[in-house]
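A short write-up of the structure that comes next.
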Number of protein chains: 2
Amino acid sequence: MMKGAIEKNPLFSGLDDNECEDALAALSAIKQEYAKGAVIFHAGERMYRFGLVLCGTVQVSFTDIDGNEILMASADAGDTFGESLCWLKVAEAPVTVTASTDVTLLWLTPELLMSGDTRKIVQELRNRFLSMLAAKTLSMNERVQILSKPTIRLKLITFLSQYANRYGSKTFSVPYDRETLARYLGVNRTALSRELSAMQADGIIEFYKNSFKILK
Amino acid sequence: MMKGAIEKNPLFSGLDDNECEDALAALSAIKQEYAKGAVIFHAGERMYRFGLVLCGTVQVSFTDIDGNEILMASADAGDTFGESLCWLKVAEAPVTVTASTDVTLLWLTPELLMSGDTRKIVQELRNRFLSMLAAKTLSMNERVQILSKPTIRLKLITFLSQYANRYGSKTFSVPYDRETLARYLGVNRTALSRELSAMQADGIIEFYKNSFKILK
DNA sequence: CCTATTCCGTCGCAATTGCAACAGAAATTA
DNA sequence: TAATTTCTGTTGCAATTGCGACGGAATAGG
């Protein structure tokens, strides 16, 4: 049913049905559903489990020192959130997770991965969990790369190039509305619209809603 | 000798001498020295080992699509670099590592951590390696938090607050010169100097070279 | 089909920033 | 010590961006 989303996740991809069941059991998987807008996790609590999104989209925002909310990531089907805070047993997690749409997700507990359990599936999961974290680090590098660019245009070009690379095509759509994209890029929404229009006028890109085409 | 730097690193902290030796052996540690300015790792190669800085400072810069160099991190004694790229066996690592000062470092190979080796020390290292990656993710969150701020002043306040938190004091010094700090914050150097002066005039901070004091 | 709501682009203006040129301080080297 | 190089702060100006207000398009709900 939700098999698709699970398979997309590097923790489970390529496992056969039995292995998958064992893996879910080893992680004490619990399914839960949230309505659009619901708060999935409150900042300030400890994150005992991390989340794997089965369907829908969640937003992870960081509550900073002044109480402002900064969009850290949005997780779609197959994506996870909260692994680091969970693994490190951070007492007061500084992130809030909310449902952008109706959401179904699995809560997973990495407790067994920390133990000396030598079952094959547990060892495999340990390795995969590690790979997942490593991949997350690299994807955050990409975010930093974008945010470091001096102008909105360069941020957009970098962002769009990254997407084009990931999709292997110069035509693609992104899972953000303008407001969310602006926050992801760290810029003002209307300034973003202005720049998108300018880039289209300059013949650099074409776009319709969330679909983009890089002309270059 | 360099024991201090090693102990600062979460992979080795708290291990006794024997364990430490075993750990270094398990990671096939090799010591190497570089002169100031030397290139420690070239972008485009595969990173078979990750680095642990024993003394000195290295800079990790990201080479983006246009060939620009973006400062991703600077690693001091006890810090590591390249774990993610190494673990994921990325064929063409997109980072360049250079020596900001004369540098001594250990090259470490995580190969054994990927195996089914069940020796206690290896299991321990696996867990610690994981924690290290998780911690890196969180510290990158802090960087993103800074870069997401709309103005130089807010970036600085966020950056300085993070440092004050880490040191547990409102007086501290940072390991960056102005040029490097500007690149870390993603802003223009002279604009940074201008804003620092303005903040001092406004009674928010005091600073002398790389020493800062938050007055608030 | 109509209405309310959300989403998106445009515009003018003020504020912030990048940039280039420059000068003095500090550190390094001869 | 003198000379050279590096680092840092200042300033004027142009370019970019943030912000608020607005209107039209798209969407959702009845």
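Just so it is clear, the structure is predicted and the values come from calculations on it, not from any experiment. The sequence lines fix the lettering, A, B, ..., with proteins before strands; numbering per chain opens at 1.
Not one side-chain nitrogen or oxygen of A/K149 sits closer than 4.0 Å to the OP1 or OP2 atom of C/dT17. In this structure, A/N188 does not reach the D/dT17 phosphate: none of its side-chain N or O atoms is under 4.0 Å from OP1 or OP2. For A/R189, no side-chain nitrogen or oxygen approaches OP1 or OP2 of C/dC8 to under 4.0 Å.
Note: OH (B/Y208) to P (D/dG9) measures 11 Å, nearest angstrom. Here C/dA27 presents its P atom at 11 Å from CG of B/N210, a figure rounded to the nearest Å. Separating the CZ atom of B/R183 from the C1' atom of C/dT17 is a distance of 18 Å, rounded to the nearest angstrom.
Closest approach to the B/V187 side chain among C/dC7, C/dG18, D/dC7 is made by C/dG18 (side chain taken as heavy atoms from C-beta onward). Among C/dA20, C/dG9, C/dT17, the nucleotide with an atom closest to any side-chain atom of A/R178 is C/dG9. With C/dC8, D/dG18, D/dA26 as the candidates, the nucleotide lying closest to the side chain of A/K209 is D/dA26. Listed candidates were C/dT17, D/dG20, D/dG9. Nearest to the side chain of B/S197 is D/dG9. Comparing atom distances between the A/I152 side chain and each of C/dC8, C/dT17, D/dT17 picks out D/dT17 as nearest. For B/R194, counting side-chain heavy atoms from C-beta on, the closest listed nucleotide (C/dG18, D/dT10, D/dA26) is C/dG18.
Closest approach of B/R178 and B/S193 over heavy atoms only: CD-OG, 4.3 Å.
A tilted orientation is assigned to the rings of B/F159 and B/Y163, their planes being inclined by 30° to 60°. In this structure, B/F207 and B/F212 have parallel ring planes: the angle between them is below the 30° cut-off, well short of the 60° mark.
Applying side-chain hydrogen bond (donor to acceptor under 3.5 Å, both in side chains) to A/T57 and the options A/D76, A/T98, A/T180, A/T101 leaves one that passes, A/D76.
At the heavy-atom level, A/T151 lies under 4.0 Å from the strands shown only through sugar-phosphate atoms. Among the heavy atoms of the strands lying under 4.0 Å from A/S193 is at least one base atom, whether or not backbone atoms are also near.
Taking the six-membered ring for Trp, B/W107 and B/F81 have ring centres closer than 6.0 Å.
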